[in-house]
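Please read the structure below before turning to the comments.
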Amino acid sequence: MFTDKVELSDLRQGKVDPEYFDLLGRVLQIQSDCEIGGPHLYIDRMLPEAPLRLDRLVIARTATEEIDHFRKFAKLCGDVGVDTTFILERHNNQRYLEAFRGLITTWEDFAVFGFLIDRVGRYQLEEFQNCTYAPLAAVVDHPSRVMDEEAGHIDYGTTRTAELASVGGEQKERIQKSVDYWYVTALDMFGNTSSKRAERYRYWGLKRRTNAQARAEFIAEVDPIITKMGLTIPDKNIGRKYL
Amino acid sequence: MNDPVPFTESLDVFLQEVVRAMHAAVTQGIRIMDSDPRGADKVIEDCKQTLAVIMAGHVQEWIAP
């Protein structure tokens, strides 16, 4: 396992293995895509249509924070010669992860997106904590504004989901339907259990957990929350694309 | 390694300023939403327009000298 700390100057001086450089550029580009992918999903409909004025303001703040996260990852990319500007404008259907394709059109989906998908986002960011590329680790190592803001997005989504579930009746059915959809999407975001590339990320110290480990930890975290909300934990296999 | 993308610094500075301004606007909007709901709505509308510009992604236009 590779454990050296790599600085930007090491990359510029060609001191790292080409595979390290390729994997770093790839993961930085994917992370940039994920950061800006969220606002592209929900701004058009949710910013004007959220139920309360406070919700609309929180959505504006959330999108602002995601743009700031994009900025930080775009900077890391740009410094190593990877252009991410096209990511800002590209169509949702071209997003790297399926979770960011399409459009969020209901308040239930927006709430559950924060509850589950932003939480997967936190897991993705945790992979980079204390990683071998020092400038990347610096963005997410404690204390990290990015991690704090993501935690805020998750809390907001979790609180709204719980509120909607507590209403009962048809409202509860609608939020269960959203949980059913996003839960499976979230599990798929961790990738294939047998991914060879994921192992190379770990070898080079760019990620910490296997895909299966991260997914299992996520399940252990969210299943009790779903149960506490009075909702049903969706089937973990139906509709899955990456097992 | 490839050379750094030429406009990396200027894009970073531009977006940082946009984020700072929007954060301040939203904070103000939350502060006044009970006493001045129309003012808060104006903040939301301004944010909507700014977000539309950023997500349209015409980076070269933003950072042109």
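- Annotation: side chain of A/Arg71 is in contact with side chain of B/Asp12 (closest heavy-atom distance under 4.5 Å).
- Both the backbone and the side chain of B/Pro37 come within less than 4.5 Å of a heavy atom in chain A.
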Worked verdict on A/Arg61 versus B/Met22 for side-chain contact (heavy atoms from CB on, under 4.5 Å): CA-CA 8 Å; A/Arg61 184 175 64 196; B/Met22 287 187 63; over 6 Å; no
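- Between chain A and the options B/Thr27, B/Val43, B/Ile30, the largest number of non-hydrogen pairs under 4.5 Å is found for B/Ile30.
- Per-residue counts of heavy-atom pairs under 4.5 Å with chain A were compared for B/Glu45, B/His23, B/Arg20; the largest is that of B/His23.
- Each of B/Ile54, B/Val19, B/Thr50 was scored for a side chain to side chain contact (heavy atoms under 4.5 Å, CB included) with A/Thr64, with one residue passing: B/Val19.
- With rounding to the nearest 0.5 Å, the separation of CG in A/Leu54 from CD1 in B/Ile44 is 9.0 Å.
- More than 12 heavy atoms of other shown residues, nucleotides or ligands fall within 6.0 angstrom of atom NZ in A/Lys5.
- In this structure, chain A has a heavy atom under 4.5 Å from the side chain of B/Leu51, while its backbone stays farther away.
- Between A/His40 and B/Met55, some side-chain heavy-atom pair lies under the 4.5 Å cut-off.
- Rounding to the nearest 0.5 angstrom, the gap separating the SG atom in B/Cys47 from the CG atom in A/Leu57 is 7.5 Å.
- The heavy-atom pair separating A/Arg53 from B/Ala40 by the smallest distance is CD-CB, 3.6 Å.
- The NZ atom of B/Lys48 sits 12.0 Å away from the CD1 atom of A/Ile59 when rounded to the nearest 0.5 Å.
- Interface remark: B/Phe14 contributes no atoms to any contact with chain A (heavy atom separation under 4.5 Å).
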Worked check of side-chain contact (heavy atoms from CB on, under 4.5 Å) between B/Val18 and A/Ile67: CA-CA 9 Å; B/Val18 170; A/Ile67 288 170; 5.8 Å; no
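- To the nearest 0.5 Å, the span separating CG on A/Asp68 from CD on B/Gln16 amounts to 7.0 Å.
- Heavy atoms closer than 4.5 Å to chain B are found nowhere in A/Val16, neither backbone nor side chain.
- When heavy atoms are compared at a cutoff of 4.5 Å, A/Pro18 does not approach chain B at all.
- Neither the backbone nor the side chain of A/Phe86 comes within contact range of chain B, judged by heavy atoms closer than 4.5 Å.
- When each of B/Leu11, B/Val5, B/Ile63, B/Thr8 is tested with A/Thr85 by the rule side chain to side chain contact (heavy atoms under 4.5 Å, CB included), just one qualifies, namely B/Leu11.
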